[in-house]
Amino acid sequence: MESKCAIEMRGITKTFGKVVANSNISFSINRGEILALLGENGSGKTTLMNMLSGIYQPDAGEIYKDGEQIFINSPKDAFNAGIGMIHQHYKLVEVFSATENIILGLKDEKMDLASASRKVKEISERYGFDIDPDKKIYDMSVSQKQTVEIVKVLYRGADILILDEPTAVLTPQETDKLFRVLKNMKEDGKAIVIITHKLHEVMDVSDKVAVLRKGEYIGTVNTSETNPQALTDMMVGRAVSLNIDRPRYGNPQKKLIVSGLTCVDDEGITKLKNVSFEAYTGEILGIAGISGSGQKELLEAMTGLYPVKDGSIRFIDKDGRQVELVGLTPKKIRQTGVGMAFVPEDRLGMGLVGSMGMTGNMLLRSWKNGKGALLKKKDPEALANRVLEELEVVTPGINYPVRRLSGGNVQKVLVGREISNEPEVLLTAYAVRGLDINTSYTIYNLLTEQKMKGAAVVYVGEDLDVLLELADRILVLCSGEVAGVVDGRSVSKEEIGLMMTSLNRKGGENER
């Protein structure tokens, strides 16, 4: 079908204090097309779409729908204009059913659940959704919750949909299913915008790609006429290598032995059940799993931050001595001489002290690694400057409070500090979350450098394509249990996806 302009944004500018989030941006979104919106973190993607969905209002510029100017001063105005945004963090009432969530807040909607349920089914069948209108949200998977959010905006009449990182927590199979639905919606004349960092998905699902860089509009290209490398160069403004090296280490040795690890939370819910695996020097062990499958608890248990009900975690030092870590606090683990570094999911609080600058946080780590009040000879200020330069941290100065930095820059500080200590074991939880493509590849290379220096690197990631390029072995978690440990060089993304949902189990306890 012939594309027709649905939305045109002209000269859109938005500032927050002295920060210019969007500067004079003009571009259009067509009906019957899927447009991918790309850009590094801080490029202004979400801010721009938040103005289209009524969360923010532009300081300057105009918005047109079907050729007529519209004024969007609230999310209600956006809904009235047929614009719906599906955010990365779902806004659903867990104890309500799908239908109850979908009609919640509609003043003119009579509480006829049977009629509403039938309408939900009609929408689902029309586009290929798989949803039970009467199912409670707390009984749903992540992908099912996302389906409810999409159906909710369709139910309310949206014909322009914006999806913010829609595949961040989906398996490959769930992603394929979502893309089929989006293509059905496109054929029905919907205009769809996807904000994403995953270039392979951009190539798979989009018709066009619009690129932002540092708050400015760079251009729109046809997906069929571009490639991931060209898109990356547009985003960054210079050539960036998208290659991840995976060299083999000469003589891997066991460094960590985890046996029968079981963890239970305060409410008596089992988070990890009989988890067993080994981590070796000179390897990157990837951890894959649907969000909430026990990744966070596993790394925190290994660092003494999460209570262990049963099982063993043994560190093997350079002399072959085994040190049992279960029952030790993080401080006790350091005092035993275990060379372990940890990049946690919670960057501020668990990772860094937000009120301190880079220098203070480097000093804190040096002090923790020292004996008593003595510091290592490593100069924290010099280290802060090195991290700032090598990872291109954007900050007014190395003593500027890190809590005032963007999430991506906070992550750079944390990763840089932990890697600088050249640990024997490096545990990382979503080490590149919130980072732009250029810095992400810098982190991948730094992790590989640590591996080739003989460190055992444990990498929890959410992008399976990266895991398959970076990791030597991949441990797959499903509902807190080990679904298998597989060779990262030979396993397919589809196989891992099946293991993540317990549809298939493969590999021995420590397949190498």
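In what follows, every heavy atom counts, from backbone to side chain, and hydrogens, waters and symmetry copies are set aside.
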Any side-chain heavy atom of [X] within less than 4.5 Å of one from [Y]?
X: Gln173; Y: Thr501; value: no
X: Ile443; Y: Asn445; value: no
X: Leu261; Y: Val258; value: yes
X: Ile150; Y: Leu163; value: yes
X: Leu231; Y: Val221; value: yes
X: Thr262; Y: Val308; value: no
X: Thr220; Y: Val209; value: no
X: Met499; Y: Val486; value: yes

Quiz item: Can you list the steps and then say if Glu283 with Arg473 is a salt bridge (charged side-chain N to carboxylate O under 4.0 Å, His left out)?
Solution: CA-CA 8 Å; Glu283 80 159 0; Arg473 292 184 303 138; 2.7 Å; yes

Quiz prompt | Lys/Arg-Asp/Glu bridge criterion (N-O < 4.0 Å) met for Asp465, Lys493 | solution = yes

Quiz prompt | Carboxylate-amine/guanidinium contact Glu389 Arg386, below 4.0 Å | solution = no

Going from [atom1] on [X] to [atom2] on [Y], what distance comes out if it is rounded to the nearest 0.5 angstrom?
X: Glu94; Y: Ile137; atom1: CD; atom2: CD1; answer: 7.0 Å
X: Tyr280; Y: Asn251; atom1: OH; atom2: CG; answer: 11.5 Å
X: Gln295; Y: Ile287; atom1: CD; atom2: CD1; answer: 8.5 Å
X: Ser490; Y: Asp487; atom1: OG; atom2: CG; answer: 4.0 Å
X: Phe342; Y: Leu299; atom1: CZ; atom2: CG; answer: 5.0 Å
X: Asp317; Y: Phe315; atom1: CG; atom2: CZ; answer: 6.0 Å

Quiz prompt | CA sep, side-chain torsions, deciding dist, call: Arg246, Asp472, salt bridge (charged side-chain N to carboxylate O under 4.0 Å, His left out) | solution = CA-CA 8 Å; Arg246 183 167 48 187; Asp472 298 284; 5.3 Å; no

Exercise. Could you go through the salt bridge (charged side-chain N to carboxylate O under 4.0 Å, His left out) check for Glu422 and Lys453 one step at a time?
Key: CA-CA 8 Å; Glu422 298 186 356; Lys453 290 179 180 179; 3.2 Å; yes

Practice problem: Before giving the answer on side-chain hydrogen bond (donor to acceptor under 3.5 Å, both in side chains), spell out for Asn409 and Gln411 the whole-Å C-alpha distance, their side-chain angles and the decisive distance to 0.1 Å. | Solution: CA-CA 5 Å; Asn409 284 300; Gln411 185 74 333; over 6 Å; no

Self-check item: Over 12 foreign heavy atoms within 6.0 Å of CZ, Arg489
Solution: yes

Self-check item: Other residues, nucleotides, ligands: >12 heavy atoms within 6.0 Å of Lys214 NZ
Solution: no

Tell me if a side-chain donor or acceptor on [X] pairs with a main-chain N or O of [Y] at a distance below 3.5 Å.
X: Asn361; Y: Leu414; result: no
X: Thr223; Y: Asp207; result: yes
X: Ser206; Y: Met203; result: no

Practice problem: Start with the C-alpha gap between Glu187 and Lys183, add the side-chain angles, then the distance that decides, and say whether side chain to side chain contact (heavy atoms under 4.5 Å, CB included) holds. | Solution: CA-CA 6 Å; Glu187 293 301 319; Lys183 289 174 181 177; 5.6 Å; no

Exercise: identify the closest heavy-atom pair between [X] and [Y]:
X: Leu199; Y: Pro228; answer: CD1-O, 3.7 Å
X: Asp233; Y: Arg238; answer: OD1-O, 3.3 Å
X: Val326; Y: Gly311; answer: CG2-O, 3.8 Å
X: Ala288; Y: Ile496; answer: CB-CG2, 4.1 Å
X: Tyr306; Y: Cys263; answer: CE2-CB, 3.8 Å
X: Ile257; Y: Ile316; answer: CD1-CD1, 3.8 Å

Practice problem: Scan side-chain atoms only and decide if Glu300 and Thr303 contain a donor-acceptor pair under the 3.5 Å cut-off. | Solution: no

Self-check item: Polar contact flag, side-chain donor to acceptor under 3.5 angstrom, Glu324-Ser312
Solution: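 Yes - a donor-acceptor pair under 3.5 Å links their side chains.
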
Practice problem: List the steps, then state whether side-chain hydrogen bond (donor to acceptor under 3.5 Å, both in side chains) holds for Glu201 with Thr167. | Solution: CA-CA 9 Å; Glu201 292 181 357; Thr167 66; 2.6 Å; yes

Practice problem: Apply side-chain hydrogen bond (donor to acceptor under 3.5 Å, both in side chains) to the pair Asp164 and His87, showing each step before the final yes or no. | Solution: CA-CA 5 Å; Asp164 189 2; His87 297 272; 5.2 Å; no

Quiz prompt | Trace of the side chain to side chain contact (heavy atoms under 4.5 Å, CB included) decision for Ile474 with Leu468 | solution = CA-CA 8 Å; Ile474 299 173; Leu468 289 169; 3.9 Å; yes

Quiz item: Do Glu33 and Ile192 pass the side chain to side chain contact (heavy atoms under 4.5 Å, CB included) test, and can you show the C-alpha distance, the side-chain angles, and the key distance before you say yes or no?
Solution: CA-CA 6 Å; Glu33 284 186 347; Ile192 301 170; over 6 Å; no

Self-check item: Pair Lys254-Glu278, salt bridge (charged side-chain N to carboxylate O under 4.0 Å, His left out): steps then yes or no
Solution: CA-CA 7 Å; Lys254 290 181 184 178; Glu278 296 166 354; 3.2 Å; yes

Quiz item: What pairs meet the side-chain hydrogen bond (donor to acceptor under 3.5 Å, both in side chains) rule with one or both residues in residues 264-275, with sequence neighbours excluded?
Solution: none

Quiz item: Should Met185 and Ile34 be marked as a side chain to side chain contact (heavy atoms under 4.5 Å, CB included) after you check the CA-CA gap, both sets of side-chain angles, and the distance that decides it?
Solution: CA-CA 9 Å; Met185 292 165 60; Ile34 298 175; over 6 Å; no

